[in-house]
Amino acid sequence: QVQLVESGGGLVQPGGSLRLSCVVSGTIFRLYTMGWYRQAPGKQRELVARITGGGITNYVDFVKGRFTISRDNAKNTVFLQMNSLKPEDTAVYSCHTNVNWVDYWGQGTQVTVSS
């Protein structure tokens, strides 16, 4: 069974930083693209960043220069380093992968940016 478990969310002030982690089990982690998504109340879920098994990354425009996605294949973990956080970054952040045409999601971790 593929499982994804996020951690690292919390309450931070605008301009602050958080690092999210997602530990993956049940698959050969290094072979698969990982993504971070977020969803705010009343809003659609949106992609934040992705990283391939080989380390190729892409970001949505509104996080470029602020967020960094990375992975440690030896530890089956993907990270999202979030700097210069803004109130509009407030959302539940979830990690995602697709294995053999099946989507897998973590439970999500709440990120709240507020003064």
Side-chain angles (χ1 to χ4, degrees):
Q1 182 179 1
V2 178
Q3 293 185 329
L4 292 71
V5 181
E6 302 100 334
S7 62
L11 173 64
V12 297
Q13 295 182 343
S17 297
L18 285 173
R19 187 182 69 172
L20 307 183
S21 300
C22 176
V23 179
V24 181
S25 61
T27 190
I28 306 174
F29 174 77
R30 63 180 175 83
L31 300 180
Y32 296 100
T33 294
M34 299 295 304
W36 283 101
Y37 293 74
R38 69 187 186 187
Q39 187 170 27
K43 306 295 184 181
Q44 293 184 333
R45 184 171 58 199
E46 62 183 355
L47 174 70
V48 177
R50 301 167 79 175
I51 184 167
T52 71
I56 300 172
T57 62
N58 75 281
Y59 303 88
V60 293
D61 287 342
F62 55 81
V63 306
K64 287 181 179 177
R66 300 191 298 126
F67 293 8
T68 302
I69 189 170
S70 62
R71 67 194 296 160
D72 185 341
N73 287 338
K75 298 184 182 297
N76 287 10
T77 303
V78 61
F79 304 95
L80 185 67
Q81 177 67 48
M82 304 185 294
N83 300 324
S84 302
L85 283 162
K86 304 174 181 180
E88 51 263 44
D89 295 319
T90 296
V92 174
Y93 286 71
S94 301
C95 61
H96 165 270
T97 193
N98 182 281
V99 180
N100 296 329
W101 302 277
V102 178
D103 289 315
Y104 295 93
W105 296 90
Q107 292 289 91
T109 186
Q110 177 71 47
V111 172
T112 302
V113 185
S114 177
S115 59

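Quick caveat, the model's predicted, so the values are computed rather than measured.
Without hydrogens or angle criteria, Thr97 side chain to Thr33 main chain gives a donor-acceptor distance under 3.5 Å. Thr77 contributes no side-chain N or O that, together with a main-chain N or O of Val23, makes up a donor-acceptor pair within less than 3.5 Å. The backbone N or O of Ile69 sits less than 3.5 Å from a side-chain atom of Tyr59, completing a donor-acceptor pair. A donor-acceptor contact shorter than 3.5 Å is absent between the side chain of Arg30 and the backbone of Asn73. Glu6 contributes a side-chain N or O that, together with a main-chain N or O of Cys95, makes up a donor-acceptor pair within less than 3.5 Å.
Arg38 is not listed as a side-chain neighbour of Val111, based on a closest heavy-atom distance of 4.5 Å or more. The closest side-chain heavy-atom distance from Glu88 to Phe62 is not below 4.5 Å. Side chains of Thr90 and Gln110 form a contact here, defined as non-hydrogen atoms less than 4.5 Å apart. Put simply, the side chain of Met82 does not reach to within 4.5 Å of the side chain of Val12, judged on heavy atoms. Inter-residue side-chain proximity for Trp36 and Val78 is flagged as met; some heavy-atom pair is nearer than 4.5 Å.
Residues forming a side-chain contact (heavy atoms from CB on, under 4.5 Å) with Asp103 (at least two apart in sequence, or on another chain): His96, Asn98, Trp105.
Atom OG1 of Thr68 sits about 6.5 Å away from atom CG of Asn83, to the nearest 0.5 Å. Atom CZ of Phe67 sits about 9.5 Å away from atom CD of Gln81, to the nearest 0.5 Å.
Linking Ile, Leu, Val, Met, Phe, Trp and Tyr whenever their side-chain heavy atoms come within less than 4.5 Å leaves Ile56 and Met34 in two separate clusters. Placement of Leu11 and Leu85 in two distinct hydrophobic clusters is found when ILVMFWY residues are connected by side-chain heavy-atom separations under 4.5 Å, directly or transitively. Two different hydrophobic clusters hold Leu80 and Val5 under the rule that ILVMFWY side chains link at heavy-atom gaps under 4.5 Å. Under the 4.5 Å side-chain contact rule for hydrophobic residues, Phe79 and Tyr93 do not share a cluster. Tyr32 and Tyr104 fall within a single hydrophobic cluster, where Ile, Leu, Val, Met, Phe, Trp and Tyr side chains are chained together by heavy-atom contacts under 4.5 Å.
Within a 6.0 Å sphere centred on CD of Gln107, heavy atoms belonging to other residues, nucleotides or ligands number 12 at most. Heavy atoms of other residues, nucleotides or ligands lying less than 6.0 angstrom from CD1 of Ile28 number 12 at most. More than 12 heavy atoms of other residues, nucleotides or ligands shown are found within 6.0 angstrom of CZ on Arg71.
Ser84 and Ser17 get closest at one heavy-atom pair: N-OG, 4.3 Å. Ser115 and Pro14 make their closest contact through N-CD, 3.7 Å (heavy atoms, listed as atom of the first residue, atom of the second, distance). Considering all non-hydrogen atoms of both residues, Ala40 and Ala91 come closest at N-CB, 3.9 Å.
Between Asp61 and Lys64 there is a salt bridge, with a side-chain nitrogen of the basic residue lying less than 4.0 Å from a carboxylate oxygen of the acidic one.
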